[in-house]
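Below: one structure, written as structure tokens.
Predicted model only: the values in this text are computed from it and were never measured. Residues: numbered from 1 along the sequence shown.
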Amino acid sequence: MKSRILVLIAFLTLTACKREQKKSPSESVSISNLVQYKEENGNVHIQSGNFTYDFKQNQLPFKRIILLNASMAGYVTELNVENLIIGVSSPEYIYSDTIQDLLKSGKIQNVGNEQKYDIEKILSLKPDAIFTNYISSFDNTYKLLKDNGIQVVFLDEYMEQEPLQKTAYIKLFGKLLGKDQQAAAKYGEVEENYKKLKQLASRAKEHPTVLANEMYGDVWYLPGGKTAVANFIADANANYILKNNTDEKAVTMSFEEVFAQSDEVQYWINAGNHISKKEMLGMNPVYSKLSVFNKGKIYVITGKEKAKANDFFESGVVRSDLVLKDYIKIFHPELLPDYQLTYMKELQ
């Protein structure tokens with residue numbers, strides 16, 4: 001009899017533990033050093049930079065959202081939930097055909113731009129959440145929105161310097177928009193592609209020297225050696241002229257300083273949005289002194305551009321695998337003989 005009681009107690013204890021585990025599921029996901037989120041009992045806690053958010057189970061998934069940055073449209077588009085968007089700012093910078101069609105039909109409203117948001121329209125739309133990069137000069141606007149019960153979510157994906165970490169933000173969008181599985185699948189696909197492409201690039205026999213960006217006025221703004229651009233170049237198995245630099249932001253140099261390091265440069269990438277080498281020279285005649293301008297190859301990021309909208313800054317934020325593929329095609333064309341560039345275009 002005693003042994004039966006002990007068995008029954010053990011069974012009840014085990015059952016209670018299982019029920020307790022099922023009752024309090026917890027999932028912690030690290031996107032990067034900047035962003036992490038944790039789900040517990042259907043509630044989601046988010047840490048994004050200096051900001052924290054707690055969304056209860058009955059608040060999610062969001063059904064009505066406003067986007068104040070075109071880059072965030074890339075995540076929504078990849079999840080095929082453009083129908084959740086009720087407002088965007090600066091729609092002329094959004095590349096997505098679907099979002100543009102929804103704008104034309106009135107299902108998505110234009111809520112202004114970074115010069116002046118249409119606060120009255122935003123309040124009348126009654127969004128569940130607004131997604132935006134944090135800009136300190138807009139603190140008063142953010143406070144006004146929050147005081148009216150609107151949740152403003154700050155996500156600064158542009159600060160991420162590891163390409164796959166930019167992509168990983170899709171997991172957070174998936175969690176907040178009810179598309180967890182789709183987001184995980186998309187991230188997994190991009191991650192696998194990226195790693196295979198990086199491995200492919202490692203087989204290249206040549207390691208060409210690369211210059212990036214261009215001058216504005218008398219200053220050349222080059223990507224620092226730890227920026228996303230520098231990481232893409234490294235993963236594509238090429239030598240960036242500032243690869244030994246340790247900055248995660250732009251590095252300013254004079255033309256003379258760049259010229260002194262440019263003798264061996266074979267490729268010049270991300271050279272603005274010029275339409276021809278002639279037009280480029282008209283903007284800045286000193287470029288003619290660069291060997292790469294006369295003998296090398298120059299690429300701009302206008303492969304998917306319509307008027308003011310450029311998909312490199314939209315879907316390209318999510319599809320880091322395609323961006324890497326473009327760079328590999330540029331630096332090592334023999335490795336991808338049948339691939340046509342997606343975001344990049346050679347300047348003639």
- Message: If hydrophobic clusters are built from ILVMFWY residues whose side chains come within less than 4.5 Å, do Val190 and Leu177 share one?
- Response: yes
- Sequence neighbours excluded, the answer for salt bridge (Lys or Arg N to Asp or Glu O under 4.0 Å) partners of Asp156 is none
- Message: Could you measure the distance from the CZ atom of Phe62 to the CZ atom of Phe173? Nearest 0.5 Å is fine.
- Response: 10.5 Å
- Side-chain contact test, heavy atoms from C-beta onward, threshold under 4.5 Å: evaluate it for Leu125 versus Val111 and give yes or no. yes
- Message: Could you measure the distance from the CE atom of Met159 to the CG atom of Asn133? Nearest 0.5 Å is fine.
- Response: 9.5 Å
- Run the salt-bridge test on Lys325 and Asp321 with the 4.0 Å N-O cut-off and return the result as yes or no. no
- Message: Do Tyr53 and Phe154 have side chains that approach each other closer than 4.5 Å (heavy atoms only, starting at C-beta)?
- Response: yes
- Would you mind reporting whether Ile269 and Phe331 have side-chain heavy atoms less than 4.5 Å apart? yes
- Report the distance from atom CE of Met253 to atom CG of Leu242, rounding to the nearest 0.5 Å. 5.5 Å
- Message: Working to the nearest 0.5 angstrom, can you tell me the gap between Ile99 CD1 and Ile85 CD1?
- Response: 4.0 Å
- Item | Pairs satisfying salt bridge (charged side-chain N to carboxylate O under 4.0 Å, His left out), at least one member in residues 56-77, at least two apart | none
- Message: Is there a continuous path of hydrophobic side-chain contacts, each under 4.5 Å between heavy atoms, that joins Tyr216 to Ile298?
- Response: no
- Task: Answer with yes or no whether the side chains of Ser32 and Glu162 bring together a donor and an acceptor at under 3.5 Å.
- Result: no
- Taking atom CD1 of Ile301 and atom OG1 of Thr342, what is their separation to the nearest 0.5 Å? 13.5 Å
- Between Glu314 and Ser96, what is the shortest heavy-atom contact and its length? OE2-N, 3.1 Å
- Task: Could you note down all residue pairs passing side-chain hydrogen bond (donor to acceptor under 3.5 Å, both in side chains) where residues 97-118 supplies at least one of them, sequence neighbours left out?
- Result: Asp97-Lys306
- Item | Partners passing salt bridge (Lys or Arg N to Asp or Glu O under 4.0 Å) against Lys308 (at least two apart in sequence or in another chain) | none
- Could you pull out all residues at least two apart from Lys186 that satisfy salt bridge (Lys or Arg N to Asp or Glu O under 4.0 Å)? Glu78, Glu189
- Query: Yes or no on side chain to side chain donor-acceptor pair (under 3.5 Å) for Tyr194 and Asp235, after CA distance, side-chain angles and deciding distance?
  - Reply: CA-CA 9 Å; Tyr194 195 99; Asp235 289 347; 2.7 Å; yes
- Query: Shared ILVMFWY cluster between Tyr343 and Tyr158, side chains joined below 4.5 angstrom?
  - Reply: yes
- Message: According to salt bridge (Lys or Arg N to Asp or Glu O under 4.0 Å), who are the partners of Lys195, at least two apart in sequence or on a separate chain?
- Response: Glu191
- Query: For Leu155, does its backbone N or O pair with a side-chain atom of Tyr169 as donor and acceptor, under 3.5 Å?
  - Reply: no
- Message: For Tyr327 and Asn237, which I'm curious about, is there any donor-acceptor pair between the side chains at under 3.5 Å?
- Response: no
- Check: Asn239/Thr209 side-chain N/O donor and acceptor closer than 3.5 Å: no
- Linking I/L/V/M/F/W/Y whenever their side-chain heavy atoms sit closer than 4.5 Å, directly or via other members, would Trp268 and Val219 fall into one cluster? no
- Query: Can you tell me how far the CG atom of Leu176 sits from the CG atom of Leu60, to the nearest 0.5 Å?
  - Reply: 6.0 Å
